[in-house]
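In what follows, a single structure is set out as structure tokens and then discussed.
Order of the sequence lines fixes the chain letters, A, B, ..., with proteins taken first and strands second; residue numbering starts at 1 for each chain. Computed over heavy atoms, backbone and side chain alike; hydrogens, waters and symmetry mates excluded.
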2 protein chains.
Amino acid sequence: MDIQKLRCFAALAETLHFGQAAERMNMTQPPFSRQIAGLERALGVTLVERSSRRVALTPAGERFQRDARAVLARFESACRDARLVAEGQTGELRLGFMMHAAHRLVPRMVAAYAARRPEVRITLAEATPEEIEERLIRGQLDAGVTFAGAAVPQLESLPIFRDRLCLALPPGHRLAGRTEAAPEDLRDEDLIAVPDRVSRTLRGEISRWFAQAGLVPRVRFEPQLQQTILRLVAEGLGTALVPASICDRQADVATVPLAAAPALDVVLRTRRGAGNPALAPLLEIIRQGGLTAP
Amino acid sequence: MDIQKLRCFAALAETLHFGQAAERMNMTQPPFSRQIAGLERALGVTLVERSSRRVALTPAGERFQRDARAVLARFESACRDARLVAEGQTGELRLGFMMHAAHRLVPRMVAAYAARRPEVRITLAEATPEEIEERLIRGQLDAGVTFAGAAVPQLESLPIFRDRLCLALPPGHRLAGRTEAAPEDLRDEDLIAVPDRVSRTLRGEISRWFAQAGLVPRVRFEPQLQQTILRLVAEGLGTALVPASICDRQADVATVPLAAAPALDVVLRTRRGAGNPALAPLLEIIRQGGLTAP
DNA sequence: CGTTATCCATGCAATATGGGACTTGATTGG
DNA sequence: CCAATCAAGTCCCATATTGCATGGATAACG
């Protein structure tokens with residue numbers, strides 16, 4: 001059963017004339033007649049009453065005309081949409097990101113992307129770097145904004161910008177106003193930091209920074225979100241090492257640069273090779289830069 | 001482009017395995033692979049990522065899977081419905097009828113029909129016999145309940161029952177209570193009758209009945225509906241010759257049989273040959289009789 | 001009333017498409 | 001390193017589709 005038969009029938013139902021309908025289908029009349037006959041044979045139903053002088057649809061033909069139109073319309077639409085998805089003009093882009101990337105980076109990325117691909121529906125999923133990695137590998141995400149992390153053969157990374165850790169303090173803290181802070185300065189401080197399972201990279205950098213002075217950070221609270229950490233710091237519950245990108249415009253938190261500040265590369269991770277075509281414009285936006293400024 | 005290709009793709013999208021999908025489609029794997037390849041070539045889109053060890057849908061394939069399912073479902077449904085319409089199990093039956101047949105006959109016919117073909121939608125159209133004839137010929141009606149009328153080559157008729165004209169009188173009329181009335185009895189009466197254009201057959205029978213006594217009926221009022229005629233009679237505005245079938249249970253109208261009462265055959269007229277299959281049960285109901293009793 | 005024009009169906013030969021059997025090539029797991 | 005698995009490639013045949021030419025029926029016209 002060929003789609004062509006449906007098209008032929010639709011043309012015939014409109015013109016009620018085999019010759020004209022055949023011409024519309026860019027074929028000669030004999031094969032056209034056989035297409036109609038073949039359709040009727042396949043259905044086991046007479047759709048058209050023909051005499052040499054009159055062509056009319058049977059009741060079944062009337063019904064089938066309406067339905068065939070609908071089928072054809074859906075089919076054409078399905079083909080068109082498949083092509084659009086393949087071109088990345090439409091479809092879905094599933095983007096995962098670390099919570100604190102939602103601060104400025106993700107909104108800017110999404111805005112720039114939506115301007116280029118208004119027809120692509122963007123699914124945003126907040127997740128920990130570990131979850132992002134898992135979901136990327138399982139193909140549940142198309143891309144993830146996360147820390148660079150360990151190399152995984154199935155994934156590749158595109159650098160977005162280099163974040164640096166800084167020290168966040170309550171406004172009246174004794175270290176506030178210092179031009180730089182070293183590990184020893186924080187020897188007796190209660191720290192607030194994300195737990196290791198939420199971001200191994202971030203927590204690892206914090207530990208390493210203290211380790212260079214032979215110290216072990218004394219972590220008192222372990223919330224999951226950087227935003228929460230800043231709120232706790234503002235309330236005087238402790239100090240924290242946080243990505244500098246999240247500290248701007250926090251009126252009730254003082255920040256101090258770190259000596260030998262650890263760098264954290266924020267990257268877009270994607271599955272190697274497996275390409276959602278809708279991803280391309282996002283990669284291009286990142287390569288063009290402009291997402292670094294706070 | 002063959003529907004079969006869509007079915008193959010749907011099967012592949014479910015199993016993600018060429019061999020198993022081919023088996024489900026009752027074919028061997030090589031031609032199945034070609035069907036998929038042909039579909040992709042026709043669309044110009046890669047729908048499936050294949051390696052010898054992994055089969056996965058591309059984003060376009062995911063999208064096309066959903067759409068192809070919908071297309072297939074609609075297509076199957078269209079085929080099924082066309083067959084059902086052809087069998088008369090579903091579809092539409094367009095029935096025209098003379099106004100006064102709505103009194104008892106049409107409701108009974110429709111009830112009996114609906115019991116046999118609950119899935120057929122019945123369109124009822126009140127119309128004059130003349131309109132019924134026109135619409136039947138133009139194929140706008142499938143059947144019409146009307147008077148026998150003149151033979152028309154395109155139409156055929158199935159008798160439903162034989163109606164007889166009777167005299168309708170106001171209750172206190174001088175002729176009320178007579179066992180029979182003759183044309184001479186109505187020599188000086190004002191008559192109420194449908195105009196010729198509404199029913200040539202009925203008006204003709206009335207004229208002929210008077211003519212057999214050399215009289216010409218003096219028609220005073222010409223409403224279009226028999227019901228209206230009875231109302232006018234009841235109010236004492238005249239007398240009328242009306243089909244007996246319409247006079248039962250009219251408390252405020254007296255009826256008197258006519259001498260040599262003209263017979264009016266009420267028939268179901270249909271287009272010759274051109275068969276809405278949904279019509280068959282209606283013909284059968286009429287052939288079985290049981291629609292004659294008042 | 002015969003002729004002509006129109007229109008759908010059919011016969012025929014060339015071509016295209018679809019399906020099966022077998023084989024190849026690549027990848028994975030033992 | 002070998003065996004197993006799986007998709008693609010090759011070859012062949014059956015069927016379907018197409019264009020061209022023709023036939024048969026019907027309505028319009030002279």
Side-chain angles (χ1 to χ4, degrees), chain A residues 1-58 61 65 137 153-154 271-274, chain B residues 1-58 61 65 68 72 75 137-139 152-154 271-274:
Chain A
M1 173 59 92
D2 201 311
I3 296 275
Q4 182 80 349
K5 287 189 168 65
L6 295 186
R7 292 207 187 89
C8 287
F9 177 70
L12 179 60
E14 273 190 29
T15 61
L16 293 179
H17 188 295
F18 279 71
Q20 291 171 24
E23 191 175 2
R24 182 184 299 194
M25 297 296 298
N26 295 315
M27 56 198 296
T28 55
Q29 171 264 322
F32 181 88
S33 289
R34 279 188 292 251
Q35 288 283 347
I36 300 298
L39 176 61
E40 291 182 320
R41 189 159 39 81
L43 289 177
V45 170
T46 302
L47 299 173
V48 184
E49 275 185 81
R50 325 99 141 112
S51 71
S52 66
R53 224 52 202 177
R54 207 177 80 98
V55 174
L57 297 182
T58 64
Q65 177 192 15
I137 292 174
Q154 296 112 313
R271 259 234 322 283
R272 197 177 294 277
Chain B
M1 172 60 93
D2 202 311
I3 297 276
Q4 183 79 351
K5 287 189 169 64
L6 295 187
R7 292 206 187 91
C8 287
F9 176 71
L12 179 62
E14 275 190 29
T15 61
L16 293 178
H17 188 292
F18 279 72
Q20 290 170 24
E23 191 175 2
R24 184 184 297 193
M25 296 296 297
N26 295 312
M27 56 198 295
T28 54
Q29 172 262 322
F32 181 88
S33 290
R34 278 197 301 267
Q35 289 286 347
I36 300 298
L39 176 62
E40 290 182 320
R41 190 161 38 81
L43 289 177
V45 170
T46 302
L47 299 173
V48 185
E49 275 185 83
R50 325 98 143 111
S51 71
S52 66
R53 226 52 201 177
R54 206 177 80 99
V55 174
L57 297 182
T58 63
Q65 176 192 16
L72 283 172
F75 174 73
I137 292 173
R138 280 186 300 194
V152 173
Q154 297 112 312
R271 259 235 322 281
R272 194 177 299 275

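One distance of note links CZ of F75(B) with CG of L6(B); it measures 9.5 Å at 0.5 Å rounding. Note that the CD1 atom of I3(A) and the CD1 atom of I3(B) stand 3.5 Å from one another [nearest 0.5 Å]. With values rounded to the nearest 0.5 angstrom, E23(A) atom CD is found 10.5 Å from T15(A) atom OG1.
Between the E40(B) side chain and the L47(B) main chain, a donor and an acceptor come within less than 3.5 Å of each other.
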Donor-acceptor pairs under 3.5 Å, side chain of residues 26-39 of chain A to any protein atom, not counting sequence neighbours: which ones?
| residue | atom | partner | partner atom | Å |
| --- | --- | --- | --- | --- |
| Q29(A) | NE2 | S33(A) | OG | 2.9 |
| S33(A) | OG | Q29(A) | O | 3.4 |

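The shortest distance between the side-chain N/O atoms of R50(A) and the OP1/OP2 oxygens of dA9(C) is below 4.0 Å. The shortest distance between the side-chain N/O atoms of H17(B) and the OP1/OP2 oxygens of dT5(D) is not below 4.0 Å.
Looking at every heavy atom in both residues, R271(B) comes nearest to I137(B) through CD-O, 3.9 Å.
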Report, one pair per line, the protein and nucleotides 26-30 of chain C atoms (nitrogen or oxygen only) whose separation is under 3.5 Å.
| residue | atom | partner | partner atom | Å |
| --- | --- | --- | --- | --- |
| dT27(C) | O4' | S52(B) | OG | 3.0 |

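Contacts of Q65(B) classified as side chain to side chain donor-acceptor pair (under 3.5 Å), with partners at least two apart in sequence or in another chain: none. Partners of A10(B) by side chain to side chain contact (heavy atoms under 4.5 Å, CB included), not counting sequence neighbours, listed by chain and number: L72(B).
Taking atom CD on Q4(B) and atom C1' on dG19(C), their separation rounds to 11 Å, with Å as the unit. With rounding to whole Å, R7(B) atom CZ is found 14 Å from dG18(C) atom P. Q29(A) places its CD atom 15 Å from the C1' atom of dA5(C), with the value rounded to the nearest Å. Remark: C1' of dG18(C) and CE of M1(B) are 15 Å apart, rounded to the nearest angstrom. Taking atom CD on E49(B) and atom P on dA8(D), their separation rounds to 13 Å, with Å as the unit. When rounded to the nearest whole Å, the span between CZ of F9(B) and P of dA7(D) equals 15 Å.
Contact check for L16(A) versus L57(A): side-chain heavy atoms found under the 4.5 Å cut-off.
Across residues 31-46 of chain A, S33(A), R34(A) each have a non-hydrogen atom less than 4.0 Å from an atom of DNA chain C (numbered order). For DNA chain C, the neighbouring residues in residues 20-28 of chain B, judged by any heavy atom under 4.0 Å, are N26(B), M27(B), T28(B).
Atom CD of Q4(B) sits in a crowded spot, with more than 12 heavy atoms from other residues, nucleotides or ligands closer than 6.0 Å.
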